[in-house]
Colleague: 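Below you will find the structure I want to go over with you.
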Amino acid sequence: MATLSPRFLFSKGIVSQSANTPSVTSFLETHPGAYTTSRTHKDASFVLFWERHLKRLVDSVAILYNSNPQLLFGPNKTTSLSLPSLSSNSPLLQSEVRELVNSSMKRVLPIALKERSEGEELSITALVSGNLEKLSENESEGLDHERFGNGVFDVSIYIGTYAPTVFGIEGTGAHLAVVGRGRDDASAKYSDWVRIRKSLERLRPPNGTELLLSNDGDRILEGTVSNFFVICRKDNDEAKGRSMHCFEVQTAPISDHVLPGITRQLVIEVCLSKGIPFREVAPSWSESEFWAEAFITSSLRLLQHAETFSFPSSWESLNSKSWEEISWKDKHFEEGPGMITTIIQKEVMEKAASEGYFLS
């Protein structure tokens, strides 16, 4: 019998570690809230970009609180309340969420670190949910809505093991397939998306690494759990060489309703600092003949180069019951990451070392 990898869950003040602990996917599907996921690096010596994750988590909490509180507190639970607006810049909100998450981390992370095997990395998911009962009590008592120390938010920390893919090794590239429409609002990272995206799994090809989204059957927005980038050759006489100025890095803008991914922002910063031509525009499948390289980014993968890209021959065919009923158009990239992808990955990893949340 195969041995399950250790899973650790801190929720409602209790640390759970047992074979009955659900997977992180199952946990998120059944618990509302804003969440973020990071992982350890260098044999669990530090957590990647933790400060950036905390900032986005606060932003996601404020966005859900203001625009869709059901995603934070749970479905059909806030209709009787009149919620005042909330700013992610509120010092009280920022300090409360940070304190709750970091104190919860301190309860479970040392246990996970002690139990892990040497060389093993840990994935860390922090979920912030709204507590409707406490919110109602505060409202009835006339408490300032920005005073969240009265239990308005609950925090859960889920820790599992993670085996990072080694960048650049043959056979480690991503196989991407466009399978559905983009989400209505990706400005916040919320757990209900984990449930919603399950319906797309029926269209995942057997070797599919990640499923991509498009609203018009041409412009690629993002992946279900990643951001998507292409390195496009410039279509002019100046683009006949191999310098990085002969190319342009492209990814969909936030205004196209894509997630403001942590690693996405890092890639943008690297391009700007290194003078790599960059434009926020959704990569167009109709211009894929100019795609020289492609990669996806996420907080766990960081950056993974693409080996293949599959697009449905007919957009209407995405109503099919399975991937086998779809005729695909395929684009193959050179084996291994390209020149621009490699430069960006190297710089991102250097940032990882300088922005790590060290554990010792």
Side-chain angles (χ1 to χ4, degrees), residues 24 34-42 46-60 121-126 162-169 172-176 182-183 186-190 193-194 197 209-213 220-231 248-274 276 278-283 293-307 337-338 340-357:
V24 65
Y35 79 100
T36 193
T37 297
S38 185
R39 68 170 173 88
T40 61
H41 188 57
K42 293 286 187 183
F46 61 88
V47 180
L48 291 167
F49 306 109
W50 190 239
E51 281 301 311
R52 292 183 187 244
H53 280 278
L54 288 176
K55 181 181 183 305
R56 185 179 64 180
L57 187 56
V58 173
D59 290 343
S60 293
E121 302 296 351
L122 301 175
S123 62
I124 303 169
T125 297
Y162 183 75
T165 299
V166 179
F167 179 80
I169 301 298
T172 60
H175 300 276
L176 311 176
R183 35 189 153 176
S187 58
K189 192 175 178 75
Y190 55 91
W193 173 243
V194 178
R197 71 185 187 222
T209 305
E210 170 65 315
L211 306 177
L212 302 183
L213 308 174
I220 316 303
L221 300 175
E222 62 178 345
T224 57
V225 295
S226 68
N227 291 109
F228 174 67
F229 291 77
V230 300
I231 290 88
E248 180 181 74
V249 179
Q250 299 178 353
T251 194
I254 298 300
S255 58
D256 279 356
H257 301 296
V258 302
L259 182 73
I262 303 296
T263 315
R264 175 189 182 275
Q265 180 59 33
L266 290 164
V267 170
I268 294 173
E269 292 174 12
V270 166
C271 289
L272 295 177
S273 67
K274 293 298 176 181
I276 300 173
F278 170 80
R279 186 160 56 110
E280 284 190 275
V281 60
E293 307 169 31
F295 60 86
I296 54 175
T297 61
S298 73
S299 293
L300 292 180
R301 293 185 179 98
L302 292 185
L303 192 150
Q304 184 178 17
H305 73 278
E307 284 191 12
I340 306 297
T341 301
T342 301
I343 292 172
I344 293 173
Q345 190 272 347
K346 179 177 179 293
E347 295 296 325
V348 168
M349 297 312 298
E350 289 185 3
K351 280 180 170 285
S354 65
E355 294 189 35
Y357 175 79

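Every heavy atom of this structure was used, including side-chain atoms; hydrogens, water molecules and symmetry mates were not.
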Colleague: Please examine the side chains of V225 and S298, heavy atoms only from C-beta on, and report whether any two atoms are closer than 4.5 Å.
Modeller: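 Not in contact.
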Colleague: At their closest point, which heavy atom of A282 faces which heavy atom of D256, and how far apart are they?
Modeller: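 In this case the closest contact between A282 and D256 is CB-OD2, 3.8 Å.
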Colleague: State whether the side chain of T36 and the backbone N or O of A126 hold a donor-acceptor pair below 3.5 Å, judged by distance alone.
Modeller: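 Side chain of T36 to backbone of A126, a donor-acceptor pair under 3.5 Å: no, none is there.
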Colleague: For F167, what residues pass the ring pair (Phe, Tyr, Trp, His ring centres under 6.0 Å) criterion, not counting sequence neighbours?
Modeller: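 Expected list: none.
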Colleague: S38: which residues meet the side chain to side chain contact (heavy atoms under 4.5 Å, CB included) condition with it, sequence neighbours left out?
Modeller: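 S38 satisfies side chain to side chain contact (heavy atoms under 4.5 Å, CB included) with V47, L48, W50, H53 only.
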Colleague: Listing request: all salt bridge (Lys or Arg N to Asp or Glu O under 4.0 Å) pairs with a residue in residues 257-269, at least two apart in sequence or in separate chains.
Modeller: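 Residue pairs with at least one partner in residues 257-269: R52-E269, R264-E280, E269-K351.
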Colleague: T209: which residues meet the side chain to side chain contact (heavy atoms under 4.5 Å, CB included) condition with it, sequence neighbours left out?
Modeller: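 Testing T209 for side chain to side chain contact (heavy atoms under 4.5 Å, CB included), a comparison that skips the adjacent residues, returns A174, H175, R301, Q304.
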Colleague: Nearest 0.5 Å, what's the NZ-CD distance between K274 and E347?
Modeller: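 The NZ atom of K274 sits 4.0 Å away from the CD atom of E347.
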Colleague: Is any side-chain heavy atom of T263 closer than 4.5 Å to a side-chain heavy atom of N227?
Modeller: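 The answer is no; the side chains never approach within 4.5 Å.
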Colleague: Is R39 salt-bridged to E121, cutoff N-O under 4.0 Å?
Modeller: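 Here R39 does not pair with E121 in a salt bridge, since their nearest N and O are not under 4.0 Å apart.
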Colleague: How long is the span from the CG atom in L213 to the CG atom in L221, to the nearest 0.5 Å?
Modeller: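 One finds 6.5 Å between CG of L213 and CG of L221.
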Colleague: Report yes if some heavy atom in the side chain of L300 is under 4.5 Å from a heavy atom in the side chain of S123; otherwise report no.
Modeller: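 The answer is yes, as the side chains (C-beta and beyond) meet within the 4.5 Å cut-off.
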Colleague: Which pair of heavy atoms, one from P260 and one from A186, lies closest together, and at what distance?
Modeller: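 Shortest heavy-atom separation between P260 and A186 comes out as CD-O, 3.4 Å.
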Colleague: Going by heavy atoms in the side chains, are T251 and F278 under 4.5 Å from each other?
Modeller: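 With C-beta onward as the side chain, the pair touches.
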Colleague: Regarding T224 and R197, is there a side-chain donor-to-acceptor distance under 3.5 Å anywhere?
Modeller: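 R197 and T224 do not have a side-chain donor-acceptor pair below 3.5 Å.
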Colleague: Do you know which of Y357, Y162, F49, F46 makes ring-ring contact (aromatic ring centres under 6.0 Å, His included) with H41?
Modeller: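 Among the candidates, only F46 passes.
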Colleague: Test side chain to side chain contact (heavy atoms under 4.5 Å, CB included) on L259 and W193 and set out the steps.
Modeller: CA-CA 11 Å; L259 182 73; W193 173 243; over 6 Å; no
Colleague: Is a side-chain N or O of E210 found less than 3.5 angstrom from the main chain of S226, in a donor-acceptor match?
Modeller: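 Yes: the side chain of E210 pairs with the backbone of S226.
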Colleague: Nearest 0.5 angstrom please: S187 OG to D59 CG, how far?
Modeller: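 Rounded to the nearest 0.5 Å, the OG-CG separation comes to 9.5 Å.
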Colleague: Apply side chain to side chain contact (heavy atoms under 4.5 Å, CB included) to K346 and list each qualifying residue two or more places apart in sequence or on a separate chain.
Modeller: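 Scan of K346 (side chain to side chain contact (heavy atoms under 4.5 Å, CB included), adjacent residues dropped) gives E350.
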Colleague: Could you give the distance from CD1 (I268) to CD1 (I276), rounded to the nearest 0.5 Å?
Modeller: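 The distance works out to 12.5 Å.
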Colleague: Hey, what do you get for CE (M349) to CG (L302), rounding to the nearest 0.5 Å?
Modeller: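 So the gap between those two atoms works out to 5.5 Å.
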Colleague: Please identify each residue that fulfils side chain to side chain contact (heavy atoms under 4.5 Å, CB included) with T172, with sequence neighbours left out.
Modeller: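 Only T165, I169, H305 meet the side chain to side chain contact (heavy atoms under 4.5 Å, CB included) criterion with T172.
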Colleague: For Y35 and V194: C-alpha separation, side-chain torsions, deciding distance, then whether side chain to side chain contact (heavy atoms under 4.5 Å, CB included) applies.
Modeller: CA-CA 11 Å; Y35 79 100; V194 178; 3.7 Å; yes
Colleague: Rounded to the nearest 0.5 Å, what's the gap from CG on L266 to OG on S299? Could you check?
Modeller: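 OG of S299 is found 8.5 Å from CG of L266.
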Colleague: Search all heavy atoms of E293 against all heavy atoms of T341 and return the closest pair with its distance.
Modeller: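 Distance-wise, the nearest heavy atoms are OE1-OG1, 2.6 Å.
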Colleague: Are the side chains of I344 and F295 in touch, meaning some heavy atoms are under 4.5 Å apart?
Modeller: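 Counting from C-beta outward, I344 and F295 do come under 4.5 Å.
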